[in-house]
Amino acid sequence: MNRFPLWLNVLVAVVLAVSVVYALPNLFGESPAVQISAVRSTMKINDAVLTKAKDTLAQANIAVDEAFLDLDSVKIRFHDTDTQLKAKDILEKGLGSDYVVAFNLLSNSPRWMGSINAKPMYLGLDLRGGVHFLLQVDMKGAITKAIDNTASQLRVALRGEETRYAGISREGVGDSAKVVVRFREDVKRAKATQVLTKDYPNLVLRSEERGEDFVLVGALTPEAVKGIRDFAVQQNLTTLRNRVNELGVAEPIVQQAGQDRIVVQLPGVQDTAKAKDILGRTASLEIRLVDIEAIPGQPKAGTEFFPNVERDGTMGQVAVKRDVVMTGDRITDARPTQDQNGEAAVSVSLDGVGGRVMLQTTRENINKPMAIIMFEKGKGEAVSVATIRGEFSTQFQITGRFTTEETTRLSLLLRAGALAAPMDIVEERTVGPSLGKENIRLGFQSMWIGFAVLSVFIIVYYSLFGVVSVVALAVNLLLLVSLLSMLQATLTLPGIAAIALTLGMAIDANVLINERIREELRNGTTPQAAIAAGYERAWSTILDSNLTSLFAGIALFLLGSGPVRGFAVVHCLGILTSMFSAVLVSRSIVNTVFGARKKLERVPIGNVDWHRKAAAV
């Protein structure tokens, strides 16, 4: 008899049940909504914002289907698009310019599905519409800038050690950039070598003689160059994400593509000029001394008040002097670290000019507070207020009972005032919303037509076993959709093509199994033995053919980009689900229907006699 062990039947049943749950959200559709997020990354979205938004809509008699707090935003669902449009205008006026109100679409699936992370697949730009940018990070510019900053630091370091030099300059650009220090005496060069070797481990130093000058050439180590490249991409990613928030885009995509490229996808945005303008803007940082004598709410000459997020999350105010100690372009780096007591802190590095200014400022203001103000869209906010505990110049620490997450966030904010390296737009395209809907209709229409035609042919040709093959094919589609939903993958037009291809490839395994069973029956094997032999002997062929296709899909994923990688992901997942459905699911059904019959006289798998006669001829 053909019977599966109990654990295998249970495994198939559990997989099917989980797949149904995670694929269901794609059937509920979406409803119009708005998303409320903060303009500045330092502001927090909490229950107070949710309450204020609900009260604002209630005063305007706007009916709300649902309003809830979701991560760093508030989402409000409405019954129709007309209400959505009115609500957006009212919320923009009621909440003020500190918040961005964006259109959004929310799944209509029950909330309990969302609690187990059962969500529908995202739709790509070619299906929803929007703008796409591919930006190239200028790595040569990033490394050149790092060498320039290093040259400024060396000036301060050598002056601090009272080591005279004839000049410091940069030679070359990009990977070939080097810092060159000239001396009049070999003794001075030797002393400088000792100082710089100790304080600058990221520099590889070598001595040269150029005419009458004794020269010390410093080049960055390969590890330092890699760190600069990674830092440039990560800082630009952070800066771009902050800027994209200004557009009020729901579910934007800002992610790294390769070693030096960044993809920015803005669903629903049709104004390319505005998107370019926002992505090209820069924020700025200022370091100022805190006016400890000023009283909040009482204007004072020479003093300004800026909002400041307190430790408990409430918004307070800090009074700072109008005189700017230093601007953010003097900050060369900011990293989370620990102070001498093991507490979380932020380590900040300045260039040479900034170091000299900071040294003089801290010397004159020991035990006085200093604030770092970030300006975005013309509005300033204090991102850090700390007390000066001692003199420092090019490097200092910001402490204040921070958590590890807070130091990571603050270090990113300190670096997000400007791009670490220039970027060029190497690819740009716009997809209209009407074209996106047409792509969805045509893509799924072609897939369902192909599925229907294939199903009819298989059922006619293989009878009841053809029905089993169609059920396995439907299960394969169910598994694939649920996997894509679990991974929160973005479905694009190439992804729909990959689904259609997967259905065509998945039926091959069922054809191999059915033909193997027919062959065994023609050779005189009993029906039960023919079923067992058909599945077992077809398995090696199925495995070999699918592995070759899987390797091709992996190569596409590793070497391709954009739509090619999207196609490869769906293709690889489809191969895995097709092997599971064609072998385990179909055999589980066959075993359930025929496995318990001790005397099985006939297998409904089409006209085997016709095949026998054809072979005899």
Side-chain angles (χ1 to χ4, degrees), residues 19-20 22-32 81 105-109 118-130 132 251 265 267-268 270 429-462 466-467 469-511 549 553 556 562-578 581-582 585:
S19 299
V20 169
Y22 280 87
L24 274 178
N26 296 281
L27 301 179
F28 284 96
E30 296 175 320
S31 58
T81 54
L105 292 172
L106 296 180
S107 173
N108 291 324
S109 57
K119 301 177 181 178
M121 294 178 289
Y122 290 137
L123 296 181
L125 291 185
D126 49 2
L127 300 180
R128 176 170 288 186
H132 165 98
E251 297 173 357
Q265 294 184 353
Q270 301 300 317
R429 64 175 182 265
T430 303
V431 180
S434 58
L435 179 59
K437 291 181 180 179
E438 184 68 9
N439 287 339
I440 295 175
R441 187 185 68 82
L442 293 177
F444 280 100
Q445 185 181 53
S446 61
M447 186 179 65
W448 290 120
I449 290 175
F451 181 85
V453 172
L454 187 62
S455 299
V456 171
F457 174 78
I458 291 297
I459 292 174
V460 170
Y461 197 71
Y462 289 115
V467 175
S469 299
V470 171
V471 172
L473 199 62
V475 169
N476 177 42
L477 182 60
L478 172 68
L479 293 174
L480 183 55
V481 171
S482 64
L483 266 180
L484 293 173
S485 300
M486 288 180 188
L487 298 174
Q488 285 295 278
T490 300
L491 184 64
T492 61
L493 202 56
I496 294 179
I499 293 176
L501 177 62
T502 297
L503 294 178
M505 294 176 60
I507 202 63
D508 287 347
N510 296 99
V511 171
S549 297
L556 285 175
V564 176
R565 297 191 73 179
F567 176 89
V569 168
V570 179
H571 176 68
C572 292
L573 292 177
I575 290 173
L576 298 178
T577 57
S578 66
S581 62
V585 175

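Only heavy atoms go into these numbers, but all of them, side chains included; no hydrogens, no water, no symmetry mates.
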Fill in: Stepwise side-chain contact (heavy atoms from CB on, under 4.5 Å) check, T492 with F567
CA-CA 8 Å; T492 61; F567 176 89; over 6 Å; no
Practice prompt. Just say parallel, tilted or perpendicular for the rings of F451 and W448, cut-offs at 30° and 60°.
Written response: perpendicular
Practice prompt. Taking all heavy atoms of T577 and all of L480, pick out the closest pair and write down the distance.
Written response: CG2-N, 4.0 Å
Fill in: Distance (rounded to the nearest 0.5 Å) between I458 CD1 and I507 CD1
4.5 Å
Discussion item. Quick check for you: to the nearest 0.5 Å, what is the distance between L576 atom CG and S581 atom OG?
Written reply: 11.0 Å
Response to the item:
In this structure, CD1 of I449 is separated from CG of L454 (nearest 0.5 Å) by 13.5 Å
Item to complete: Over all heavy atoms of both residues, which pair between M121 and N26 is shortest? Give the atoms and the distance, please.
Response: N-OD1, 3.0 Å
Worksheet item: Could you state the interatomic distance from CD1 (I496) to CG (L501), rounded to the nearest 0.5 Å?
Response: 14.0 Å
Worksheet item: Which heavy-atom pair separates A118 from P25 by the least distance, and what is that distance?
Response: O-CG, 3.4 Å
Item to complete: Would you give the length of the straight line joining atom CG of L487 to atom CG of L483, rounded to the nearest 0.5 angstrom?
Response: 6.0 Å
Item to complete: Would you give the length of the straight line joining atom OH of Y22 to atom OG of S485, rounded to the nearest 0.5 angstrom?
Response: 10.5 Å
Worksheet item: Would you say the side-chain atoms of N476 pair up with the backbone N or O of A582, donor to acceptor, closer than 3.5 Å?
Response: no
Discussion item. Is there a side-chain contact (heavy atoms from CB on, under 4.5 Å) between M505 and S549? Walk through the geometry before answering.
Written reply: CA-CA 10 Å; M505 294 176 60; S549 297; 3.4 Å; yes
Worksheet entry | Evaluation steps, side-chain contact (heavy atoms from CB on, under 4.5 Å), between I499 and M447 | CA-CA 8 Å; I499 293 176; M447 186 179 65; 3.1 Å; yes
